[in-house]
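All heavy atoms count here, side chains included; hydrogens, waters and symmetry mates do not. Numbers for residues simply follow the sequence, beginning at 1.
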Amino acid sequence: MIYSIEFRPVVLKSLKKFPRKDLVKIKKKIENLGTNLPDPNTTKMKGDNPFHRVRSGDYRIIYEIHDERVIILIVKVGHRKDIYRRLPV
């Protein structure tokens with residue numbers, strides 16, 4: 001099943017701040033999510049939240065899977081040292 005990918009407006013704004021070489025890798029990883037979704041059991045974050053994560057070098061992509069609408073919502077993208085602080089509710 002192919003998922004369409006949507007971004008929160010904050011994510012699009014934050015992507016402009018990343019170095020170009022890292023941004024290319026992050027975009028490839030996000031595009032790959034739509035066609036080759038990793039196993040949700042291994043990417044699910046701990047706790048009572050709907051978030052999943054995937055690595056792209058030193059950066060992490062936090063996303064939600066909406067199976068009923070066949071959408072992957074990219075919630076946050078950032079460096080691994082501070083990506084897990086202040087996740088959206």
Side-chain angles (χ1 to χ4, degrees):
M1 183 180 323
I2 297 177
Y3 287 82
S4 63
I5 298 175
E6 292 183 2
F7 296 86
R8 284 195 169 177
V10 175
V11 173
L12 293 174
K13 187 175 179 181
S14 71
L15 284 176
K16 295 176 184 177
K17 298 177 184 177
F18 293 126
R20 185 143 180 88
K21 67 176 187 157
D22 294 327
L23 188 60
V24 170
K25 292 177 186 176
I26 290 169
K27 284 185 176 181
K28 280 185 183 178
K29 194 67 142 182
I30 290 173
E31 289 173 1
N32 208 11
L33 276 177
T35 55
N36 299 325
L37 189 65
D39 182 19
N41 295 327
T42 60
T43 61
K44 176 77 172 86
M45 292 178 60
K46 292 181 180 178
D48 187 25
N49 59 48
F51 303 128
H52 296 263
R53 71 179 180 277
V54 67
R55 291 178 45 189
S56 178
D58 286 338
Y59 295 92
R60 302 295 181 263
I61 303 164
I62 309 294
Y63 62 95
E64 295 177 355
I65 301 171
H66 297 278
D67 285 324
E68 65 280 353
R69 295 180 4 209
V70 192
I71 291 175
I72 294 176
L73 177 65
I74 306 297
V75 176
K76 193 172 180 182
V77 177
H79 195 272
R80 66 187 174 129
K81 69 179 179 182
D82 54 11
I83 187 69
Y84 301 109
R85 296 183 196 143
R86 294 183 299 248
L87 283 175
V89 179

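- Hydrophobic clustering (ILVMFWY, side-chain heavy atoms < 4.5 Å, transitive): Tyr63 and Met1 are in one cluster.
- Here the CD1-CZ distance, from Ile62 to Phe51, works out to 8.0 Å after rounding to the nearest 0.5 Å.
- A side-chain donor-acceptor contact under 3.5 Å links Arg60 to the backbone of Gly57.
- Summarising the geometry, atom CD1 belonging to Ile30 is positioned 4.5 Å from atom CD1 belonging to Ile61; distances are rounded to the nearest 0.5 Å.
- In terms of heavy-atom proximity, Lys81 sits nearest to Arg85 at O-NH2, 3.5 Å.
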Could you go through residues 35-48 and list every donor-acceptor pair under 3.5 Å that involves a side-chain atom there, pairing it with any protein atom two or more places apart or in another chain?
{"unit_1": "Thr35", "atom_1": "OG1", "unit_2": "Asn32", "atom_2": "O", "d": "3.4"}
{"unit_1": "Asn36", "atom_1": "ND2", "unit_2": "Asn32", "atom_2": "OD1", "d": "3.0"}
{"unit_1": "Asp39", "atom_1": "OD1", "unit_2": "Asn41", "atom_2": "N", "d": "3.4"}
{"unit_1": "Thr42", "atom_1": "OG1", "unit_2": "Asp39", "atom_2": "O", "d": "2.9"}
{"unit_1": "Thr43", "atom_1": "OG1", "unit_2": "Asp39", "atom_2": "O", "d": "3.4"}
{"unit_1": "Thr43", "atom_1": "OG1", "unit_2": "His52", "atom_2": "ND1", "d": "3.0"}
{"unit_1": "Lys44", "atom_1": "NZ", "unit_2": "Asn49", "atom_2": "O", "d": "2.1"}
{"unit_1": "Lys44", "atom_1": "NZ", "unit_2": "Asn49", "atom_2": "OD1", "d": "3.2"}

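- Counting only heavy atoms from C-beta outward, the side chains of Tyr3 and Leu33 never approach each other to under 4.5 Å.
- Between the OH atom in Tyr59 and the CG atom in Asp22 there is a gap of 4.5 Å [rounded to 0.5 Å].
- Between the NZ atom in Lys29 and the CD1 atom in Ile26 there is a gap of 11.0 Å [rounded to 0.5 Å].
- Leu12 and Leu87 are members of different hydrophobic clusters when ILVMFWY side chains are connected at heavy-atom separations under 4.5 Å.
- Hydrophobic clustering keeps Leu73 apart from Leu15 (ILVMFWY residues linked when any side-chain heavy atoms are closer than 4.5 Å, directly or through intermediates).
- Atom CD1 of Ile5 sits about 7.5 Å away from atom CD of Glu31, to the nearest 0.5 Å.
- The two residues Lys76 and Ile83 have their closest heavy-atom pair at NZ-O, 3.2 Å.
- To the nearest 0.5 angstrom, Arg20 atom CZ is 7.0 Å from Leu23 atom CG.
- Cluster membership for Val11 and Phe18, using ILVMFWY side-chain heavy atoms within less than 4.5 angstrom, is shared.
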